[in-house]
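What follows is one structure encoded as structure tokens, with my remarks underneath.
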There are 2 protein chains.
Amino acid sequence: MVRRATIGDVATYAGVSTATVSRVLNGGAVAEPTAGRVREAVARLAYTPNALTRSIFAGHSSTIGVVIRDLTSPFYLDLIRGIDEVAAANDSLVLFTNTFRQVDREVAQVRAMDEQRVRGLIMTTGETADSRTRRMAESGAPCVVVARTVPDPPPGVHSVSLDNVAAGRLMATHLTGHGRTSVGVVTAGRRPSQLERTAGLRQALAELGLPLPEEAVTVAESETEVGDAVGSLLAWARSRDRPLDAVVCTTGRLTVAVHSALTGRGVAIPDDVAFLTMDDFAWAPALGISVIAQPSYQMGRRAAELVVERPDEPVTLILAPTLVARASCGEGPGAVPPGQREHGGG
Amino acid sequence: MVRRATIGDVATYAGVSTATVSRVLNGGAVAEPTAGRVREAVARLAYTPNALTRSIFAGHSSTIGVVIRDLTSPFYLDLIRGIDEVAAANDSLVLFTNTFRQVDREVAQVRAMDEQRVRGLIMTTGETADSRTRRMAESGAPCVVVARTVPDPPPGVHSVSLDNVAAGRLMATHLTGHGRTSVGVVTAGRRPSQLERTAGLRQALAELGLPLPEEAVTVAESETEVGDAVGSLLAWARSRDRPLDAVVCTTGRLTVAVHSALTGRGVAIPDDVAFLTMDDFAWAPALGISVIAQPSYQMGRRAAELVVERPDEPVTLILAPTLVARASCGEGPGAVPPGQREHGGG
DNA sequence: CTGAAAGCGCTAACAG
DNA sequence: CTGTTAGCGCTTTCAG
């Protein structure tokens, strides 16, 4: 195993001191003939500076940590793209992990990020790690929570999230705009984002004189539970003698499952039931599925910018959702404001 | 900004030397009462060891670098999952970047990984970085190239890829097994994987007495070019008076685009034309699209294992593709060996 | 079992 | 402009 060249090796080879080499590398004042010899030596020895040692002095690495709960969701790809782009523009890399929705991994990974002295942390999770993130923030590594707002954030802890209530309201106006009055909901559970979307939907529906009964909201934690959830939704609607004419899914993660459960039970979309879900995805235009899109790429950019710019005061960014109307809620403009039609999808 | 506690602070607080603290942290021999005081101090000061400094001694960090060309492809999610899982089991994090198919970013990012002294590098790209990766491998950081085989690999450079010729052959037997004899191909260009898949397809077709003319293979580098590619394919087949009865797509990245181009031109799948593509994806079961699946999760695991286990000799792993037959090539078993039907999808 | 001291690869004063 | 020196936070001999 070949030992790597160090700055000392380069210095010896070039016949200068390590300080001079360091200056050449970092843009200090060095006479041209000397600098030339150093560059020559760097090339000859294939010297690659050690970023780890370097960051000892900076106090932190040039890396941005990202903790994702569930890479599977289409939302995250664009989020990561946004982060990565800002990181690249600021000479940072992205140190990235996936918790697979397991709390113990989440804790371990945030800790690992801390140990790596990341320049800042972006996470789509982290209810469990608030004390550590607060400490990280205090010592100069900003933490940005994505897709959850942090109540009463300490300095250095920011959040970037969707206006989930608005998302729910958008669903309500779009559906009612297409004459739908009997809505069923499949939601993923007790996370605040899920609750808020349902609340927004319920709120806007109520304002139109259309209450959303508890039984019209079913919970499916994972794809495997979706079949039952949809089944019971349909059964309940039949039993009360007022069939569903719309089904809403409050998480992009379950879109495929809910759509399949519906069509698998012979439900025609949009003729029998309108279908509206969260998060745009590559197949949505082809399938004609209307969605409430999150500006996930922008969210990623914003989150990374907060890490880079380290504002003094905690920032809470709440971005607006947009409706992408396609065919799954029926034809016609409905309540869609002009200019919000079909953005090109995925 | 609060200064972080160092090992020295802990030592002072506990009334011991830094060496003793280090021993407690790394499992050296320390008397219990002393160790207790140290642990107490660690907790009190919320001490988190600096992994960067630590890795100076190890010579490398505990991080595995991953360079992805294009996160958009469904293939990569499972790949990353596999890598991440093995990494987690070996106390490693994953340092990850996306090149967005830009060569200059790729070079910069591999360099950055090198500077970060990653424990090993996994990349789905890297034609341009062979000299650096060879040096990295020599100095103890194995490099694993995924989805490309490295000709004549030096020690420490491994590869994990798909048997692309077999993938092409699988396509041929499946299509002909369903009575299709006039195949058109949309492929992404000149990367070896693309070429090999087409070659395998052509080979197996030829063995059945069905030549695949050059005109039957169209190239689309990106989604925007797919419309034209499919259009010219269809036009050519019409002009020679022998309409296409099957269209194959050799990259998962273009599946949506090819499928949409086909259906958008009024082509019925599978009645007019059978459709077969690469890489399984979440919507495939619902859409009834047959695919040739790569064992991407396994590929990720294998790649990470090579990084962790650092075999002396270069390893070239070539994994077999599997056919997931659904409805898009017509009903019936065709040439599908028993037990390879419907694996449950993406 | 524990501490003092040296050193990892690099940067940052401070002289010259 | 350049070299010397100290030191970043940690591990690791080597004595005791």
Side-chain angles (χ1 to χ4, degrees), chain A residues 1-39 41-42 45-62 91 112 114-119 139-141, chain B residues 1-39 41-42 45-62 91 112 114-119 139-141:
Chain A
M1 200 167 92
V2 182
R3 196 182 68 87
R4 274 167 173 288
T6 70
I7 199 171
D9 299 331
V10 176
T12 307
Y13 189 99
V16 298
S17 74
T18 60
T20 300
V21 177
S22 176
R23 280 191 277 262
V24 173
L25 261 30
N26 300 297
V30 178
E32 188 35 44
T34 321
R37 287 214 316 286
V38 171
R39 276 193 291 270
V42 166
L45 304 176
Y47 169 67
T48 304
N50 185 331
L52 302 176
T53 313
R54 221 171 217 177
S55 19
I56 294 184
F57 295 86
H60 59 248
S61 80
S62 63
D91 296 312
D114 192 9
E115 293 184 354
Q116 296 286 326
R117 296 293 189 266
V118 290
R119 169 180 185 174
S139 62
Chain B
M1 201 168 92
V2 183
R3 198 181 67 87
R4 274 166 173 288
T6 69
I7 199 171
D9 299 331
V10 175
T12 307
Y13 189 98
V16 298
S17 73
T18 60
T20 301
V21 176
S22 177
R23 281 191 275 261
V24 172
L25 261 28
N26 300 299
V30 179
E32 189 34 44
T34 320
R37 287 213 317 285
V38 170
R39 276 192 292 269
V42 167
L45 303 176
Y47 169 67
T48 305
N50 186 331
L52 302 176
T53 312
R54 220 170 218 180
S55 15
I56 293 184
F57 296 87
H60 60 249
S61 80
S62 62
D91 296 312
D114 191 9
E115 292 186 354
Q116 295 285 326
R117 297 292 189 267
V118 291
R119 170 179 185 175
S139 62

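Predicted model only: the values in this text are computed from it and were never measured. Sequence lines set the chain letters: A, B, ... in the order given, protein chains first and strands last, and positions in each chain run from 1. As a basis for the values below, the full set of heavy atoms in this structure was taken, side chains included, without hydrogen atoms, waters or symmetry mates.
- Residue B:Thr20 places at least one side-chain N or O closer than 4.0 Å to OP1 or OP2 of C:dG3.
- Sorted by first and then second residue, the pairs that involve residues 4-14 of chain A and meet salt bridge (charged side-chain N to carboxylate O under 4.0 Å, His left out), not counting sequence neighbours, are A:Arg3-A:Asp9, A:Arg4-B:Asp114.
- When the P atom of D:dG9 is taken as reference, atom CZ of B:Phe57 falls 13 Å away, rounded to whole Å.
- The only member of B:Val10, B:Ile7, B:Thr12 that meets side chain to side chain contact (heavy atoms under 4.5 Å, CB included) when paired with B:Thr18 is B:Ile7.
- Over its length, the helix from C:dC1-D:dG16 to C:dG16-D:dC1 turns its helix axis by 40°, as judged from the five terminal pairs at each end, rounded to 10°.
- Environment of CG in B:Asn26: crowded, with over 12 heavy atoms of neighbouring residues, nucleotides or ligands closer than 6.0 Å.
- Residue contacts shown for B:Val16 are limited to sugar-phosphate atoms, with no base heavy atom under 4.0 Å away.
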Might you list the N or O atoms of the protein lying below 3.5 Å from N or O atoms in nucleotides 14-16 of chain C, with each pair's distance?
none

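- Applying the side chain to side chain contact (heavy atoms under 4.5 Å, CB included) test to A:Ser17 and every residue at least two apart in sequence or in another chain returns A:Ala19, A:Thr20.
- B:Tyr47 approaches B:Leu25 most closely through the heavy-atom pair CE2-CD2, 3.5 Å.
- Partners of A:Ala29 according to the side chain to side chain contact (heavy atoms under 4.5 Å, CB included) rule, which considers only residues two or more places apart in sequence or in another chain, do not exist here.
- Remark: P of C:dG9 and NE2 of B:His60 are 14 Å apart, rounded to the nearest angstrom.
- With sequence neighbours excluded, the residues forming a side chain to side chain donor-acceptor pair (under 3.5 Å) with A:Arg119 are A:Ser92, listed by chain and number.
- Picking from C:dA5, C:dT11, D:dC1 the nucleotide with the shortest atom distance to the side chain of B:Thr18 gives C:dA5.
- For A:Ser55, the side chain to side chain donor-acceptor pair (under 3.5 Å) test picks out no residue, with sequence neighbours left out.
- Screening residues 45-59 of chain B for salt bridge (charged side-chain N to carboxylate O under 4.0 Å, His left out), with sequence neighbours left out, gives no hits.
- A search for side chain to side chain contact (heavy atoms under 4.5 Å, CB included) contacts involving A:Ala35 returns A:Val24, A:Val30, A:Glu32, A:Arg39, not counting sequence neighbours.
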Does the side-chain contact (heavy atoms from CB on, under 4.5 Å) test come out yes or no for A:Glu115 and B:Asn50, once each step is laid out? CA-CA 5 Å; A:Glu115 293 184 354; B:Asn50 186 331; over 6 Å; no
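- Taking a 4.0 Å limit (strictly below) on heavy-atom distances, residues 25-33 of chain A reaches DNA chain D at A:Ala29, A:Val30, A:Ala31.
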What verdict does the side-chain contact (heavy atoms from CB on, under 4.5 Å) test give for A:Leu52 and B:Gln116, after you've listed the backbone C-alpha separation in whole Å, the side-chain angles of each residue and the deciding distance to 0.1 Å? CA-CA 6 Å; A:Leu52 302 176; B:Gln116 295 285 326; 4.2 Å; yes
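- Of all the residues in residues 45-54 of chain B, not one reaches under 4.0 Å from DNA chain C with any non-hydrogen atom.
- Between the side chain of B:Arg117 and the backbone N or O of B:Ser61, no donor-acceptor pair lies under 3.5 Å.
- Taken residue by residue, residues 3-10 of chain B places heavy atoms nearer than 4.0 Å to DNA chain D at B:Thr6, B:Ile7.
- As rounded to whole Å, 8 Å separates atom C1' of C:dC10 from atom CD1 of B:Ile56.
- Between A:Ser22 and C:dT11 there is a side-chain polar atom (N or O) within less than 4.0 angstrom of OP1 or OP2.
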